[in-house]
Each structure stands twice: as structure tokens, then as C-alpha cells.
Amino acid sequence: MSVLCRYMVEVGIFEITSNSLDPFAEAKERDAPGAKEYVHIRIQQRNGKKSLTTVQGLRKEFSYDKILKDLKKEFCCNGNVVHDKELGKIIQLQGDQRKNVSLFLIQASLVRKDQIKIHGF
């Protein structure tokens, strides 16, 4: 942590909690009503202009590899499927593809519009 951030925390300008840095903290809450019903589309800022789009909460019976292949071909970006013990399979795509992914999932009839939650900025 830089000196400026450390000073700002000590003065009380802002507080850093363990959940503030974890973009999946909301999905980890087991008490949240309907936590498994939604498809969460998030953006994670990397360095500079670089960012990642993550798609979490698709049904397990879907073929994640086929969905990823179609997403990569449709949006001309790279991506992969990450396996997490708590959250299951997560699709990661390069760049800010939040709106594109949500439209793709709706048009492919994989999810309904009211099942999608878009997070970020």
C-alpha cells in the first residue's frame, strides 16, 4: 500500500475492507435471495485501458466451451473458462464486452433479460 493510501486510511477518508477488492463478494453471500438465479456480468479493470469481462451464473448443463467459442468468434476477442471451487465455472473475455455478452445470451435464448445483472463502472 502506498504512503498516500496509508495516510488516507489512517485519517479516515476511506476504509479498505476485504470485500472492496473482491468483485465476486456479492455472489459469495449464501443468504442472498435468488443468488443462483441470476447471470452476473462484471468488468474487472486490469492495467491502464485493459479490462476483463466475466460471466458467472450460467446453468451447469450448458456447454461452457461452446458458448465461449461463439462469444470469441462473435466479438473478436480472446477468453477462457475458469474453474472455481466456490463459484463454479466462470467465462472470462478480454475487453469490455458486458453489453455484447448480455445481448448474445438473450438472443441465443440462454437466459431471459430479467435474469441478467450487469456490474461495473
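Quick note: numbers below take in every heavy atom, side chains included, and nothing from hydrogens, waters or symmetry partners.
Distance CD/Gln94 to CZ/Arg46: 6.5 Å, rounded to 0.5 Å. Between the CD atom in Gln56 and the NZ atom in Lys117 there is a gap of 12.5 Å [rounded to 0.5 Å]. Going from atom OG of Ser63 over to atom NZ of Lys89 covers 7.5 Å, rounded to the nearest 0.5 Å. Rounding to the nearest 0.5 Å places CG of Leu93 at 12.0 Å from CD of Glu74. Rounding to the nearest 0.5 angstrom, the gap separating the CG atom in Leu71 from the CG atom in Leu105 is 6.5 Å. Taken from CD1 in Ile106 to CD1 in Ile116, the straight-line distance is 4.0 Å, to the nearest 0.5 Å.
Between Thr53 and Ile91 the shortest side-chain heavy-atom distance does not fall below 4.5 Å. No side-chain heavy atom of Val39 sits less than 4.5 Å from a side-chain heavy atom of Leu110. You'll find the side chain of Thr54 reaches within 4.5 Å of the side chain of Gln44, heavy atoms only.
A single hydrophobic cluster is not seen to contain both Ile118 and Leu103; linkage of ILVMFWY side chains at heavy-atom distances under 4.5 Å, directly or through other members, places them apart. When the side chains of ILVMFWY residues are joined at heavy-atom separations under 4.5 Å, either directly or via intervening members, Leu68 and Val111 end up in a single hydrophobic cluster. Under the 4.5 Å side-chain heavy-atom criterion for ILVMFWY residues, a single connected hydrophobic cluster contains both Val55 and Tyr64. Following chains of ILVMFWY side-chain contacts shorter than 4.5 Å, one can reach Val81 starting from Val101, so the two form part of one hydrophobic cluster.
The two atoms that bring Gln45 and Ser51 nearest to each other are OE1-CB, 4.3 Å, heavy atoms only.
Relative orientation of the His119 and His40 rings is parallel, given thresholds of 30° and 60° on the angle between their planes.
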